[in-house]
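Worksheet: one structure, shown below.
Both backbone and side-chain heavy atoms feed into the values below; hydrogens, waters and symmetry mates do not.
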Amino acid sequence: MADDTAAVPGTREQPAPAADVGSSYQEDRPYLIRFLLLHGADFLEAEGAVQSAFVELMRSRRPVQHPRVWLRTVALRAFLRQTVPEQPEQDLTDRLAATSVDWRTPLEVAELSEQQRRVLQNLVQLPFKQRSVMAWHLDGFSTGEIAEAMGLEKAAVLQNLSPARRTLKQQLGIADRRRPQ
């Protein structure tokens with residue numbers, strides 16, 4: 001993955017302006033929380049990780065070239081650190097496989113349709129890498145952007161995205177348009 005915090009030649013390194021971070025916080029916060037919910041976080045875990053990511057952005061001494069990717073990457077890492085400190089990825093996969101979606105605020109429950117809740121409940125049952133690729137995809141990132149953000153080859157992204165889609169369709173009872181019934 002390209003270094004999103006690479007310094008621009010000829011510029012002095014300074015923290016991100018508070019006004020820019022503030023407007024980004026207002027605009028991006030709900031999407032970042034949703035992104036972490038798609039990874040299996042509950043609302044409070046997601047909110048804490050998003051807050052940490054914005055604090056880190058404020059303290060950053062280098063300009064962030066791709067803030068949407070950078071914020072999601074930093075927030076996801078913050079969530080993973082607070083969820084399973086010092087444990088290997090397999091333990092994390094086991095923990096998240098047993099996770100159910102936990103909506104702790106009435107506003108979040110009210111804003112989601114029944115179908116969106118069903119998608120989230122089924123999404124957290126996917127293997128971690130498939131869930132992660134699908135979360136990036138549902139957040140509007142292209143296969144190439146996902147590959148770069150996750151440090152994977154495009155083929156690996158597709159190899160995880162395809163079975164994730166297939167499994168979600170099956171769990172949600174959605175017929176595949178390409179296959180006759």
Side-chain angles (χ1 to χ4, degrees), residues 1-6 21 24-54 56-57 60 64-84 88-90 92-97 99-103 108 111-113 115-172 174 176:
M1 183 167 97
D3 182 10
D4 281 343
T5 60
V21 174
S24 177
Y25 183 81
Q26 293 299 320
E27 293 172 20
D28 296 329
R29 180 182 167 274
Y31 299 105
L32 288 166
I33 288 174
R34 184 188 77 157
F35 179 74
L36 295 176
L37 292 173
L38 293 172
H39 276 87
D42 67 33
F43 184 78
L44 293 177
E45 290 170 330
E47 200 170 38
V50 167
Q51 182 73 23
S52 295
F54 276 102
E56 198 166 323
L57 179 61
S60 176
V64 175
Q65 300 298 319
H66 305 286
R68 288 182 64 222
V69 173
W70 190 91
L71 283 167
R72 280 160 180 77
T73 301
V74 172
L76 179 58
R77 287 179 185 156
F79 160 62
L80 295 176
R81 275 193 310 270
Q82 74 182 2
T83 304
V84 186
E89 185 176 315
Q90 186 57 43
L92 173 63
T93 302
D94 294 343
R95 181 243 184 224
L96 291 176
T99 300
S100 62
V101 177
D102 181 8
W103 304 105
E108 294 298 319
E111 287 181 350
L112 291 175
S113 69
Q115 182 180 20
Q116 289 171 318
R117 280 193 287 276
R118 287 183 56 222
V119 169
L120 286 170
Q121 288 167 341
N122 286 294
L123 186 66
V124 298
Q125 302 306 314
L126 294 173
F128 181 76
K129 194 161 277 189
Q130 287 180 19
R131 180 179 338 130
S132 188
V133 167
M134 184 59 84
W136 283 95
H137 175 72
L138 291 173
D139 234 20
F141 288 87
S142 71
T143 305
E145 290 170 324
I146 296 168
E148 185 176 341
M150 293 183 68
L152 300 172
E153 296 292 325
K154 274 179 94 170
V157 170
L158 292 171
Q159 288 171 347
N160 283 285
L161 192 57
S162 180
R165 283 180 176 153
R166 188 171 44 252
T167 300
L168 286 175
K169 282 181 181 179
Q170 182 181 20
Q171 290 173 336
L172 296 169
I174 298 171
D176 190 343

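- Here the side chains of Phe141 and Val157 are not in contact, with every heavy-atom distance at 4.5 Å or above.
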*Please step through side-chain contact (heavy atoms from CB on, under 4.5 Å) for the pair His137 and Ile146, ending with a clear verdict.*
CA-CA 7 Å; His137 175 72; Ile146 296 168; 4.0 Å; yes
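- Inter-residue side-chain proximity for Leu57 and Val74 is flagged as unmet; no heavy-atom pair is nearer than 4.5 Å.
- Across Val69 and Ala149, no two heavy atoms sit closer than the pair CG1-CB, 3.7 Å.
- Side-chain contact between Gln51 and Glu47 is absent, with no heavy atoms from C-beta onward closer than 4.5 Å.
- Between Leu158 and Pro163, the closest heavy-atom pair is O-CD, 4.3 Å.
- Across Leu161, Leu168, Thr167, a single residue satisfies side-chain contact (heavy atoms from CB on, under 4.5 Å) together with Arg165, and that is Leu161.
- Annotation: the span from Leu71 atom CG to Leu76 atom CG amounts to 12.5 Å, rounded to 0.5 Å.
- Shortest non-hydrogen contact noted between Thr143 and Lys154 is CG2-O, 4.0 Å.
- Of all heavy-atom pairs spanning Ala164 and Leu126, the tightest one is CB-CD1, 3.9 Å.
- Glu145 places a side-chain N or O within 3.5 Å of a backbone atom of Ser142 that can act as its donor or acceptor partner.
- Proximity of Arg131 to Leu38: side-chain heavy atoms (C-beta onward) are nowhere separated by under 4.5 Å.
- Pairing each heavy atom of Gly40 with each of Phe79, the nearest pair is C-CZ, 4.1 Å.
- The cationic group of Arg68 does not satisfy the cation-pi geometry with Tyr31, failing either the under 6.0 Å distance to the six-membered ring centre or the 45° limit from the ring axis.
- Ile33 contributes atom CD1, which lies 11.0 Å from atom CG of Asp28 (distance to the nearest 0.5 angstrom).
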*Going through the distances and angles, do Thr73 and Trp136 end up as a side-chain contact (heavy atoms from CB on, under 4.5 Å)?*
CA-CA 10 Å; Thr73 301; Trp136 283 95; 3.8 Å; yes
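- Phe35 places none of its side-chain heavy atoms less than 4.5 Å from the side chain of Val50.
- The shortest heavy-atom contact between Arg34 and Asp139 is NH2-OD1, 2.5 Å.
- Formation of a donor-acceptor pair under 3.5 Å by the Gln82 side chain with backbone atoms of Glu45 is found in this model.
- When atom types are taken as modelled, the side chain of Ser52 and the backbone of Gly48 share a donor-acceptor pair closer than 3.5 angstrom.
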